[in-house]
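See structure below.
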Amino acid sequence: MELSIHSWMRSEPIETTIERIAGLGYKKLEIEGEPYTYDTKKVGKLLKDHGISCWGSVTLMMEQRNLLARDENQRAASIQYVKDVIRMVHELGGQMIALVPGTVGKLVPDGTPEEEWEWAVGAMKEIYEYSESMEVLIGIEPINRFETYFINRGDQALALAKEIGPNCGVCLDVFHMNLEEDDMFEAIRRTKGRLNGFHVADNNRFAPGMGTLNWPKIIETLKEIDYDEALSVEFCPPVDRTPANLYPDMIEENPVGLTAEQKKFIEDHGSSSITESFYTELTRKSAETLLPLIR
């Protein structure tokens with residue numbers, strides 16, 4: 001296993017992100033799913049110069065992005081967006097995308113369960129055909145019920161993946177699993193052979209090692225099912241605006257380059273823009289917790 005990290009949690013130049021993780025022992029980057037933002041030739045050179053490779057990307061399903069939308073044109077635009085994320089990953093030499101089918105933060109369905117399953121399968125099959133041609137794997141990611149009503153558990157993601165195609169798999173996230181699975185270790189075991197990605201944050205969504213999750217047992221369970229790919233760090237610290245805040249320097253009051261859509265997306269995760277110093281400390285803590293377990 002190698003250590004990776006997402007880049008969507010803080011708005012900053014990609015150069016800053018890459019320099020930070022290269023100095024902290026990371027080997028891979030899971031770049032934010034904004035294909036219209038990046039010059040892949042420039043990013044590819046930056047990664048290579050720092051000894052980092054692209055692991056993949058994660059779809060940022062915000063605003064109108066929704067593979068379950070009743071509106072056919074909205075679904076078509078969402079399908080094209082995911083294809084563009086796949087193209088970006090292909091151009092960067094990455095291996096996978098983590099795909100959340102519905103809009104994050106949207107909790108009211110557009111249709112019946114049968115209608116939405118049919119829309120999801122139809123959209124995913126079109127995306128899957130394209131991903132196969134680009135040699136990029138898809139991992140359907142379950143997230144918790146407070147962020148989506150569709151696909152909250154690993155078994156649900158597996159059911160959808162099996163309907164899409166043999167190489168379509170699952171991307172698990174232990175923060176969400178801790179909320180939704182009755183036994184996260186058995187849930188990991190059931191994905192054997194279909195686990196295409198793994199996201200990590202602690203039970204409080206701070207960096208691994210800052211909460212109560214049993215990281216040695218999680219890593220051992222991944223080894224037990226022969227998962228030998230990237231662990232992608234994806235902390236998203238909750239905001240504390242009270243005098244009880246243990247990290248009073250965490251909130252970035254004047255974030256640079258943060259769009260309104262990105263701001264809402266982060267806030268929909270119960271977090272906020274955080275300072276560079278605090279972000280670096282969370283990145284460091286994640287590496288200190290996980291690297292000794294995967295080496």
Side-chain angles (χ1 to χ4, degrees), residues 4-9 11-14 17-18 28-47 52-69 71-106 119-141 143 148 150-151 157 160-161 164-165 167-171 196-197 199 230 232 234 257-266 268:
S4 175
I5 190 167
H6 288 256
S7 64
W8 66 266
M9 300 89 78
S11 177
E12 62 183 13
I14 192 68
T17 304
I18 292 172
K28 293 182 179 294
L29 175 69
E30 190 161 333
I31 194 167
E32 67 173 333
E34 289 297 353
Y36 320 118
T37 300
Y38 297 111
D39 177 335
T40 53
K41 289 184 179 178
K42 179 182 175 183
V43 174
K45 184 176 185 307
L46 277 170
L47 290 169
I52 303 287
S53 61
C54 176
W55 162 237
S57 184
V58 59
T59 58
L60 302 185
M61 302 303 282
M62 53 190 180
E63 299 296 303
Q64 296 301 307
R65 294 168 181 168
N66 184 9
L67 299 178
L68 319 172
D71 183 274
E72 191 172 341
N73 292 329
Q74 186 181 351
R75 288 205 307 277
S78 301
I79 291 168
Q80 186 58 54
Y81 159 69
V82 179
K83 286 181 178 178
D84 289 340
V85 174
I86 291 169
R87 174 188 48 75
M88 175 180 70
V89 170
H90 171 77
E91 291 176 357
L92 289 172
Q95 300 178 46
M96 63 81 71
I97 67 160
L99 196 164
V100 176
T103 309
V104 174
K106 183 177 185 299
W119 296 334
V121 169
M124 289 289 300
K125 283 190 172 180
E126 183 176 338
I127 292 166
Y128 178 73
E129 183 178 353
Y130 182 73
S131 72
E132 287 288 280
S133 72
M134 293 284 105
E135 298 182 330
V136 173
L137 293 173
I138 294 172
I140 300 169
E141 182 178 1
I143 62 176
T148 184
F150 188 76
I151 308 291
L160 182 56
I164 303 306
N167 292 325
C168 188
V170 173
C171 177
N196 288 344
H199 294 172
S232 288
E234 193 185 27
L258 185 68
T259 68
E261 293 81 8
Q262 289 173 319
K263 181 174 184 292
K264 183 178 186 305
F265 188 73
I266 291 173
D268 283 344

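For the numbers below, each heavy atom of this structure counts, side chains included, while hydrogens, waters and symmetry mates do not.
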Worksheet item: Just how far is it from atom OG of Ser232 to atom NZ of Lys28, taken to the nearest 0.5 Å?
Response: 9.5 Å
Practice prompt. Grab the two heavy atoms, one from Val136 and one from Gly94, that are nearest each other, plus how far apart they are.
Written response: CG2-O, 4.4 Å
Worksheet item: Measuring from Arg75:CZ to Leu67:CG, what's the distance to the nearest 0.5 Å?
Response: 9.5 Å
Worksheet item: Would you say the side-chain atoms of Thr59 pair up with the backbone N or O of Met61, donor to acceptor, closer than 3.5 Å?
Response: no
Worksheet item: If you round to the nearest 0.5 Å, how far is CG of Leu60 from CD of Glu261?
Response: 11.5 Å
Discussion item. Apply side-chain contact (heavy atoms from CB on, under 4.5 Å) to residues Val85 and Leu99 and explain how you reach the verdict.
Written reply: CA-CA 10 Å; Val85 174; Leu99 196 164; over 6 Å; no
Worksheet item: Within a strict 4.5 Å, meaning less than it, do heavy atoms of the Gln262 and Thr259 side chains meet?
Response: yes
Discussion item. What's the separation between atom CG in Leu92 and atom OG1 in Thr40, rounded to the nearest 0.5 Å?
Written reply: 5.5 Å
Item to complete: Would you check, one step at a time, whether the test side-chain contact (heavy atoms from CB on, under 4.5 Å) holds for Val89 with Trp55?
Response: CA-CA 8 Å; Val89 170; Trp55 162 237; over 6 Å; no
Worksheet item: Does a side-chain heavy-atom distance below 4.5 Å link Lys41 with Glu91?
Response: no
Worksheet item: Given side chains that start at C-beta, do those of Val82 and Tyr130 come closer than 4.5 Å, heavy atoms only?
Response: no
Practice prompt. Look up atom CZ in Arg87 and atom CD1 in Ile97, then write down how far apart they are to the nearest 0.5 Å.
Written response: 12.5 Å
Worksheet item: Can you find a pair of side-chain heavy atoms, one from Cys54 and one from Leu29, that are under 4.5 Å apart?
Response: no
Worksheet entry | Ile86 vs Ile127, side-chain contact (heavy atoms from CB on, under 4.5 Å): CA-CA, chis, key distance, verdict | CA-CA 9 Å; Ile86 291 169; Ile127 292 166; 3.7 Å; yes
Fill in: Full working for side-chain hydrogen bond (donor to acceptor under 3.5 Å, both in side chains) between Trp119 and Glu72
CA-CA 9 Å; Trp119 296 334; Glu72 191 172 341; over 6 Å; no
Fill in: Least distance between heavy atoms, Asn66 atom then Gly102 atom
OD1-CA, 3.5 Å
Practice prompt. Write down the atom of His90, the atom of Met134, and the distance for their closest heavy-atom approach.
Written response: ND1-O, 3.0 Å
Discussion item. Tell me which pairs pass salt bridge (charged side-chain N to carboxylate O under 4.0 Å, His left out) where either residue lies in residues 119-138, with sequence neighbours left out.
Written reply: Lys83-Glu126
Item to complete: Working to the nearest 0.5 Å, report the span between CG of Leu68 and CD of Gln74.
Response: 9.5 Å
Worksheet item: Looking at side-chain heavy atoms only, is the closest gap between Leu47 and Ser53 below 4.5 Å?
Response: no
Item to complete: For Gly33 and Tyr81, work out which heavy atoms get closest and say how close.
Response: O-OH, 2.6 Å
Practice prompt. Report yes if the side chains of Glu141 and Val170 come closer than 4.5 Å at any heavy-atom pair, otherwise no.
Written response: no
Practice prompt. Taking the side chain as every heavy atom from C-beta outward, state whether Pro101 and Ile140 have any atom pair closer than 4.5 Å.
Written response: yes
Worksheet item: Counting only N and O atoms by type, is there a donor-acceptor contact under 3.5 Å from the side chain of Ser57 to the main-chain atoms of Ile31?
Response: yes
Item to complete: Identify the heavy atoms of Met96 and Asn196 that sit nearest to each other, and give their distance.
Response: CE-O, 3.3 Å
Fill in: Contact check, side chains of Glu32 and Tyr38, non-hydrogen atoms, under 4.5 Å
yes
Worksheet entry | Passing candidate, side-chain contact (heavy atoms from CB on, under 4.5 Å) with Trp8, options Glu234, Glu34, Glu30 | Glu234
Discussion item. Main chain of Ser78, side chain of Arg65: is a donor-acceptor contact present, judged purely on distance under 3.5 Å?
Written reply: no
Worksheet item: Would Thr148 and Val104 satisfy side-chain contact (heavy atoms from CB on, under 4.5 Å), going step by step from the backbone distance to the final call?
Response: CA-CA 6 Å; Thr148 184; Val104 174; over 6 Å; no
